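As structure tokens, the structure follows; a few thoughts come after it.
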There are 2 protein chains.
Amino acid sequence: MSRVTIQDVAKAARVSATTVSFAFNQPEQLSVATRTRVLSTARRLGYAPHPSARSLSTKRHGSIGLLTPQPLEVVFANPFVSELLQGIGAVCAQHDMTLLLVPPLNGSLESAVGRAPVDGVISLGLNAGDPALETLARFGLPWILIDAEAPSGVATVNVDDFGGAALAARHVLELGHRRIAVIGLGRTSPQRAQLGIGARRLAGYRGAIDAAGVPAPTVDPGGVTFAAGIQAFRNLWRARRKPTAVLAMSDMAALGLMAAARDAGVRIPEDLSVVGFDDLPMAAWAHPGLTTVRQPIAEKGRQAARLLIESLAGKAVHSPKPLRTELILRGSTGRQT
Amino acid sequence: MSRVTIQDVAKAARVSATTVSFAFNQPEQLSVATRTRVLSTARRLGYAPHPSARSLSTKRHGSIGLLTPQPLEVVFANPFVSELLQGIGAVCAQHDMTLLLVPPLNGSLESAVGRAPVDGVISLGLNAGDPALETLARFGLPWILIDAEAPSGVATVNVDDFGGAALAARHVLELGHRRIAVIGLGRTSPQRAQLGIGARRLAGYRGAIDAAGVPAPTVDPGGVTFAAGIQAFRNLWRARRKPTAVLAMSDMAALGLMAAARDAGVRIPEDLSVVGFDDLPMAAWAHPGLTTVRQPIAEKGRQAARLLIESLAGKAVHSPKPLRTELILRGSTGRQT
DNA sequence: TTGTATGCGTTATCAA
DNA sequence: TTGATAACGCATACAA
């Protein structure tokens, strides 16, 4: 019941193993007769090259790894990841690459990296200096970063977090809001991971608010989940001085906040304006629709995958220009009355 | 810049390669002195066993594959898959297994299977007789099915689709509805994939409706996306005889239908009752909340992963009893007036 | 056009 | 307690 090997095929087709290998990898080298004979017996026997043997020999795995800073059960709770995977997956398919998920192993990303049969890695939210990335460097694995502080020399795919956040802030400022709250990306999540984009977005919010001569926003730690948004609403509404507008760094938190607000009898946008960040599909499905900063999530995935594959081909790759963000106006924001 | 091998470590530690291997795999065999020396030099050199070499030798890969009937960009558009992955991922982590995504390669799942370095496979929505599954059998790879017609001898994880659908139908019947429409899982998606559960759910709906002496439901092909739900609403509302209750086989379609209904000025539940299937997180977030048949999606993933891993350990595994479904009452259903 | 010989990096067997 | 040696299955110079 053991796997059919190249030798089995060779024997059955009365040729050498080399010939069988040629039939698959360099068909032109073979006469049509033998080639067809070999291939047909291979098919008949159900032969496929053993992936490990193949990669041991070729020094290639034909797969890339997605390094996730948290366990899969946590990571996939965030729809953001699904969308990113759609982008990465599309490019992988184009290049006959498979995708290996690489979450921390016993809490350690480094050891997980060492055991992953991949030609390169896309890392989500890890910043330079992370031990896992140093491990990658030691193994000579090319890698691309998404949503990270760009260390020099490592290609990083980012969006214009600062500009996007500024768009959101200016929007509510123009609507007359003066008491503004910000909901962050969470403090429990890998701090370093969130540090980069969280800090950039916060700076964008603050810059615009400051430029308008409006009091600095209160900042709730928040998170990237619906539940975090609910909690954020509770925190904000417990305060003496309630905001009239909320700028959330994630759509999920914004949606959770909207739901909590509705349950508390707070009308949106009449009593409270809400702006999200991401433009997940469900932002448009909410009622009212969520005004949000769109970032091209799937495109981030595609770019990262493309860069990595180019890098595997030996090309020198550079960080692309931060992708554009865009304010999507829907019903969750309104004029301060 | 090439990878540090076991030989490098052996040389540096003045021992044989075997000893280095022992240090990692059978530490007890070694004297404390040599073990620590070897391990420390290994760490110093940044050594990690080459995954392919290791699996070639051990005949194990330490990973399982998730066979998806469609490209990743399609599959991950469905939140159902994210939740399933949370369950699978949790069990994988417990057993130090990594997860390889195995979508069709050039449209062919069979060839993708042959190239996947995995010890076993979880297949999503593929029914017995599928060529990809036969390929698995040829390679001697253990596999577990999710949401499939259970062929004899292959462990399959299913929920009680029939019973769940019956619950949904009886619910709207009790509310007095007599004009009922059903929204399916889509006809374009891999037909065979959807055939099993789609047919079972349809039978559940029909059985209950028939038992109540109520006219048979109209059936819209539907799908598993928000857009499919919108389309389904249009189809239904175009008809002369509009339903007062809709039974959707997926929450996504139900939510899309609800949104389309609202946009068309159709009130839910006053004008139209809607029941979904799945109980995705966002079913609770919708407004009104979506009454739906809950199925334990993550648990399906966990069970499948557990069964597969047991199977890898040589145990004989059997299809578990279909998991229970449960009707979750929310605001999207009301009495027929 | 096809075959021989060798290496890829590791683990397992057996001997010392 | 350690080491020598033989697989593991394939690809690829090189030879024929």
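Hydrogens, waters and symmetry mates are skipped; everything else that's a heavy atom, side chains included, is used. Labels below follow one simple rule: chain letters A, B, ... track the order of the sequence lines, proteins then strands, and each chain is numbered from 1. Just so it is clear, the structure is predicted and the values come from calculations on it, not from any experiment.
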Original post:
Taking it one step at a time, do A:Leu99 and A:Ile88 satisfy side-chain contact (heavy atoms from CB on, under 4.5 Å)?
Top reply: CA-CA 9 Å; A:Leu99 188 59; A:Ile88 297 175; 4.0 Å; yes
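- For C:dT2, one of the phosphate oxygens OP1 or OP2 lies less than 4.0 angstrom from a side-chain nitrogen or oxygen of A:Ser31.
- Side-chain N or O atoms of A:Arg37 include one that pairs as donor or acceptor with a backbone N or O of A:Ala13 at under 3.5 Å.
- Side-chain contact check for B:Val121 versus B:Pro142: every heavy-atom pair is 4.5 Å or farther apart.
- When only modelled atom types and interatomic distance are considered, A:Ser52 and B:Ser55 share a side-chain donor-acceptor pair under 3.5 Å.
- In this structure, B:Gln29 atom CD and C:dA12 atom P are separated by 12 Å, rounded to whole Å.
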Subject >> Residues A:Glu149, A:Thr156; criterion side-chain contact (heavy atoms from CB on, under 4.5 Å); working and verdict >> reply: CA-CA 8 Å; A:Glu149 283 302 330; A:Thr156 307; over 6 Å; no
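- An end-to-end axis angle of 40° holds for the helix from C:dT1-D:dA16 to C:dA16-D:dT1, taken from five base pairs per end and rounded to 10°.
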Could you pull out all donor-acceptor pairs under 3.5 Å where a side-chain atom in residues 16-25 of chain B meets a protein atom, sequence neighbours excluded?
from: B:Ser16; atom 1: OG; to: B:Thr18; atom 2: N; distance (Å): 3.4
from: B:Ser16; atom 1: OG; to: B:Thr19; atom 2: N; distance (Å): 3.3
from: B:Ser16; atom 1: OG; to: B:Thr19; atom 2: OG1; distance (Å): 3.2
from: B:Ser21; atom 1: OG; to: B:Asn25; atom 2: ND2; distance (Å): 3.2
from: B:Asn25; atom 1: OD1; to: B:Arg54; atom 2: NH2; distance (Å): 3.2
from: B:Asn25; atom 1: ND2; to: B:Ser21; atom 2: O; distance (Å): 3.2

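- Considering only side-chain N and O atoms, A:Thr19 lies nowhere under 4.0 angstrom from the phosphate OP1 or OP2 of C:dT2.
- At least one side-chain nitrogen or oxygen of B:Thr34 sits closer than 4.0 Å to the OP1 or OP2 atom of D:dT2.
- Between B:His61 and A:His50, the ring center distance clears the sub-6.0 Å criterion.
- Judged by distance alone, the side chain of B:Ser63 and the main-chain N or O of B:Pro117 form a donor-acceptor pair under 3.5 Å.
- Protein atom CZ of B:Arg37 is 15 Å distant from nucleotide atom P of D:dT1, rounded to whole Å.
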Subject >> Nucleic acid footprint by protein, nucleotides 8-16 of chain D - heavy-atom cut-off 4.0 Å, B for base, S for sugar-phosphate alone >> reply: BBBSB----
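- Residue A:Ser55 is classed as having no contact, given no heavy-atom separation below 4.0 Å to the nucleic acid.
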